[in-house]
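All chains are named by letter (A, B, ...) in the order of the sequence lines, taking the proteins before the strands, and each is independently numbered beginning at 1.
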Amino acid sequence: MTELSPLSAVLLLLWGTIVALDLVSVPQAMLSRPLVAGTVAGWLAGDMEAGLRVGVLLELFALDVLPIGAVRYPDYGPATVAAAALAAGAPWEFGLGLSAALALVLSVIGGWSLQVVRRFNARAIQHRAAALAAGETAAIRRLQYGGLLRDAARGVALTAIGLALAWLLANHLRLDRPTAVGLTLVTVGSGLAAGMSGAVRSAGRGARLRWLAVGVATGILLAVLR
Amino acid sequence: MAIVLCRVDDRLIHGQVVIGWGQPLGIDLIVLVDDQVAASSWEQDLYRMAVSPGIEVRFMTTAEASAQMGEWQANGRRALILTGDLDTMAALHAANPTIVHRINLGGVHHRPGRRERLPYLYLTDEELRQLVALEARGAEVTAQDLPTSPLVSLKALG
Amino acid sequence: MTGGWRSLLRLIAVQGTWNYERMLGVGMGYAAEPLLKDLQTVDPVRHGEAVVRSTEFFNCNPNLAGLALGATVRAEYEAVPGAQIARLRTALCSPLGALGDQLFWAGLVPALVGAAVVGAVLGAGWWAIAGLLLLYNAVRIGTGVWALRTGFDAGMRIAGAISGSWIPRAVERIGPVAGFAVGTAIALSAGWYLEGFGWAGAAGALAVAATGAAVTRWFGPAFTTVRFALLAIGLLAFFRWVGL
């Protein structure tokens, strides 16, 4: 983790909040994709390359999520922001594993926090059930703004916890090199498993599965030629 | 056995039904039992659009379904019977108690008077009593929205 | 269609009050308000009923919500019986959820994200990120405008308007594209991460990947890949702690 100026810390907190809001509430513009969230966070923390390394790895995990209907899923956005801040300023081979581990824990907390916000939203609706049944548009607006505010509060809290944990890990945990490298290899391996199982599950048995295989072959070729 | 799931879900056909249950259970026929939908061709058009090409959808009234159920049980297709409300499923159970034996509550949503029992299950006390009576008549009623989520018994809902 | 643009803007936050009781209901009501405004002067009683209906339970892919919003608002102006509008809303949840999720969440998003990962790994940097954001948002905003217009023009004839539109064809075509992009991205990023660790390190990571894929497949979706990752991290920490 690089030494963060107060301005960068505030900007990271703001970015984490925007990213958290983007996932479900607004504007759903894909800012919350780990690739985007992580690269921007890395740049804010002074190391875009580290942010990109973290972002691509968490993106592999995110490819395993299909937000269909009312399923519960981890929230990788703010988690990736905190992880990118932790990874910034160190060689990625040693920093990536610990950062990804932090992100995975935070993403589970993030998914749980989404459930909490949804419960509070339902409670607010029950509270205004009479106004809704009477067709009061002011009540609809207030509920909507309340929901957005709750999600924003979730984002601030989640990012703040993430950045605090990143700071603690950076200042109080000394990993020896084999452990740090081992963590990187284990998280990269798990990320590849996540990406692949998500891809296979979405592929079904038809043309998409064949094109997935062609894609994997192309990717191997590109990796060799690069 | 050819009827693999009897589900009550007021959203009728949607992602959880088609992808969530349809894929792992290998469903190739969805029988949507709803008297109003059976009489409305524009609604049928909309529901049909939500299903992937490998699955056939049939729309039936409660009476038609009750009469033909034995036939599906005998042929080799893997069918999912879907109703939008508890009354229809209770009627199907009354007509064919051995076939409609295990009943899955997959989604009954909020309406005035209903209370939350599970995130996807809202029931009035009267509806809960109706379900208990259904079990007393031999059915096995459980709640589960997706195959991956926990199975909840009727007793735990009270 | 007065209020169309304001409704369109509000649709961007259609999931702003997501909850298990009404799902997108309140967000739909919020987006419907500007479109229903004219009804208030024509028929205040009907307007009140329409507002109540607009906030009831609703769920679909947010990018296609405009089709339902446009169609139901049109039906309200045409004084279609309320019970029928309620049935239309319920029935629309099905195709708009299924088609929209396949088109966006399982189609366009993995296709563009996969392409952006490939671009980023090959050194495109910010261009990859900007391309992803610009392309995705151009498509979803274009779709949003089209959806609200098409829904409003069709009203109760919405089923034909959807099945005859570009959406079902796009759903069919996007799948293979997404599969190809994601496959390329995963294989390429595997090489990008593992090339610096030597054969033993790379083989170890790939062994973890194979174990993860096998284990999560064996135990079914209840054992998620995140859980596998946390378990693997925990095991590594344990082995290092006991001194292996």
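Both the backbone and the side chain of A/L57 come within contact range of chain C, with heavy atoms under 4.5 Å apart. With a 4.5 angstrom heavy-atom cutoff, C/L112 does not touch chain A via any of its atoms. Residue contact with chain A, scored on non-hydrogen atoms closer than 4.5 Å, involves the backbone and the side chain of C/I186 alike. With a threshold of 4.5 angstrom between heavy atoms, C/F197 approaches chain A through side-chain atoms but not through N, CA, C or O. Using a 4.5 Å cut-off between heavy atoms, C/V109 touches chain A through its side chain atoms alone. Heavy-atom distances place the side chain of C/E195, and not its backbone, under 4.5 Å from chain A. Using a 4.5 Å cut-off between heavy atoms, C/L206 touches chain A through its side chain atoms alone. Looking at C/I233, the atoms closer than 4.5 Å to chain A (heavy atoms on both sides) sit in the backbone and in the side chain alike. In this structure, the portion of A/R33 lying under 4.5 Å from any heavy atom of chain C is its side chain and not its backbone. Looking at C/R22, only its side chain comes within 4.5 Å of chain A, counting heavy atoms on both sides.
Using modelled atom types, no side-chain atom of A/Q144 and backbone atom of C/Y30 make a donor-acceptor pair closer than 3.5 Å. Under a 3.5 Å cut-off, the side chain of A/N121 and the backbone N or O of C/N19 do not form any donor-acceptor pair. No side-chain donor-acceptor contact under 3.5 Å links C/Y20 to the backbone of A/Q115. C/T225 places no side-chain N or O within donor-acceptor distance of the main-chain N or O of A/A194, the cut-off being under 3.5 Å.
Taking C/A232, C/A106, C/A213 one by one and counting their heavy-atom pairs under 4.5 Å with chain A, the maximum is reached by C/A106. For the set C/G191, C/A205, C/G114, the entry with the most heavy-atom pairs within less than 4.5 Å of chain A is C/A205. Among the candidates A/A207, A/A122, A/A199, A/S107, the residue making the largest number of heavy-atom pairs closer than 4.5 Å to chain C is A/A122.
A heavy-atom distance below 4.5 Å is found between the side chains of C/L133 and A/M30. Side-chain contact check for C/P62 versus A/Q28: some heavy-atom pair is nearer than 4.5 Å. Looking at C/V182 and A/L63, their side chains come closer than 4.5 Å, going by heavy atoms from C-beta outward. Side-chain contact between A/L185 and C/L194 is present, with at least one heavy-atom pair separated by less than 4.5 Å. C/W18 is not listed as a side-chain neighbour of A/S25, based on a closest heavy-atom distance of 4.5 Å or more. For the pair A/T39 and C/W126, the minimum side-chain heavy-atom distance is below 4.5 Å. For the pair C/V51/A/I140, a side-chain contact is recorded, criterion being any heavy-atom separation below 4.5 Å from C-beta on.
Heavy atoms only, all atoms of each residue included: C/A13 and A/V26 are closest at CB-CG2, 3.8 Å. Between C/V226 and A/P74, the shortest heavy-atom distance links the atoms CG2-CG, 4.0 Å. Nearest heavy atoms, C/A116 versus A/L35: CB-CD2, 3.5 Å.
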Show which side-chain atoms of residues 125-137 of chain A pair as donor or acceptor with protein atoms under 3.5 Å away, not counting sequence neighbours.
residue : atom : partner : partner atom : Å
A/Q126  : NE2  : C/E21   : OE1          : 2.6

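Every residue meeting the side chain to side chain donor-acceptor pair (under 3.5 Å) condition with A/R119, not counting sequence neighbours, appears here in chain and number order: B/E116.
The CZ atom of C/R227 lies 14.5 Å from the OG atom of A/S190; values are rounded to the nearest 0.5 Å. Here the straight-line distance linking atom CZ of C/R240 with atom CG of A/D176 works out to 4.5 Å at 0.5 Å rounding.
Under the 30°/60° scheme for interplanar angles, the aromatic rings of A/W92 and C/W192 are found to lie parallel.
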